[in-house]
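It should be emphasised that the depicted structure is a prediction, and the values quoted were computed from it without experimental measurement.
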Amino acid sequence: MIERTIPTVLVGGNFKGAVAIDAMSRMIKGSVIKLQREPDNPADARAVACYFRDVHVGYIPRQTNPRIAEALDRGAPVNCTVAAPPVIKGSRVVVEPKLTVSYWQS
């Protein structure tokens, strides 16, 4: 088994509302992000939702989600942490959080 690492960002936080923005404001480098597949998502069949402290805060971008979705679908261990926290001004995310996603591939 080989560990693969994908640098990415968390997108869509501004569309998730005040609770998500508040949760994101508490992110620090190394915070754990839970990833959950949304295969029935009408916008993207490979959608991977991001949760922080049990709050849905956004998604893995469509450009980087195929390999992550495949790993989650096959039950591979997938870890996601904050590499750089977001920049929030008022009630808006102005710089998306950077994430590091690691998974195992045979």
Side-chain angles (χ1 to χ4, degrees):
M1 290 260 237
I2 300 169
E3 183 178 21
R4 302 285 185 194
T5 302
I6 300 173
T8 189
V9 295
L10 184 153
V11 296
N14 285 320
F15 299 104
K16 302 311 288 177
V19 172
I21 299 294
D22 182 59
M24 290 173 69
S25 73
R26 300 174 196 298
M27 289 179 180
I28 61 172
K29 184 176 180 176
S31 293
V32 174
I33 304 297
K34 179 183 172 197
L35 302 180
Q36 182 175 318
R37 280 284 281 120
E38 288 186 356
D40 297 327
N41 185 309
D44 183 359
R46 293 184 175 141
V48 178
C50 299
Y51 289 81
F52 179 65
R53 296 185 177 177
D54 296 323
V55 176
H56 186 191
V57 292
Y59 290 90
I60 298 293
R62 185 180 307 238
Q63 297 86 342
T64 54
N65 74 10
R67 291 179 289 163
I68 298 165
E70 186 273 329
L72 289 166
D73 288 348
R74 65 181 162 80
V78 178
N79 299 309
C80 181
T81 58
V82 174
V87 175
I88 297 174
K89 301 284 185 192
S91 62
R92 304 266 319 149
V93 175
V94 295
V95 177
E96 298 164 330
K98 292 179 172 52
L99 306 177
T100 300
V101 179
S102 299
Y103 66 96
W104 292 95
Q105 182 178 3
S106 51

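When all heavy atoms of Leu35 and Val101 are compared, the closest pair comes out as CD1-CG1, 4.1 Å. A pairwise comparison of heavy atoms in Glu38 and Tyr59 identifies OE1-OH, 2.8 Å as the closest pair.
The side-chain contact (heavy atoms from CB on, under 4.5 Å) test applied to Pro61 returns Thr8, Val9, Val11, Gln63, Thr64, not counting sequence neighbours. With sequence neighbours excluded, the residues that form a salt bridge (charged side-chain N to carboxylate O under 4.0 Å, His left out) with Glu70 are Arg74. With sequence neighbours excluded, no residue satisfies side chain to side chain donor-acceptor pair (under 3.5 Å) with Asn14. Residues satisfying the ring pair (Phe, Tyr, Trp, His ring centres under 6.0 Å) test with Tyr103, not counting sequence neighbours, are none. With sequence neighbours left out, the side chain to side chain donor-acceptor pair (under 3.5 Å) criterion links Asp73 to Arg37. Considering only residues two or more places apart in sequence or on other chains, Arg53 meets the side chain to side chain donor-acceptor pair (under 3.5 Å) condition with none of them. Every side chain to side chain donor-acceptor pair (under 3.5 Å) that Arg4 has, sequence neighbours left out, goes to Gln105.
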Do any side-chain atoms of residues 77-88 form donor-acceptor pairs under 3.5 angstrom with protein atoms, and if so which ones, sequence neighbours left out?
none

Residues 16-31, side-chain donor-acceptor partners within the protein, below 3.5 Å, at least two apart:
residue	atom	partner	partner atom	Å
Lys16	NZ	His56	ND1	3.4
Asp22	OD1	Arg26	NH2	3.2
Asp22	OD2	Arg26	NH2	3.1
Ser25	OG	Asp22	O	2.5
Ser31	OG	Ile28	N	3.0
Ser31	OG	Ile28	O	2.9

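For residues 75-103, there are no salt bridge (charged side-chain N to carboxylate O under 4.0 Å, His left out) pairs, not counting sequence neighbours.
From Ile33, atom CD1 reaches atom OH of Tyr51 across 12.5 Å, with rounding to the nearest 0.5 Å. Here the straight-line distance linking atom CG of Asp44 with atom CD1 of Ile60 works out to 11.5 Å at 0.5 Å rounding. The line from CZ of Phe52 to CG of Leu10 is 11.0 Å long, rounded to the nearest 0.5 Å.
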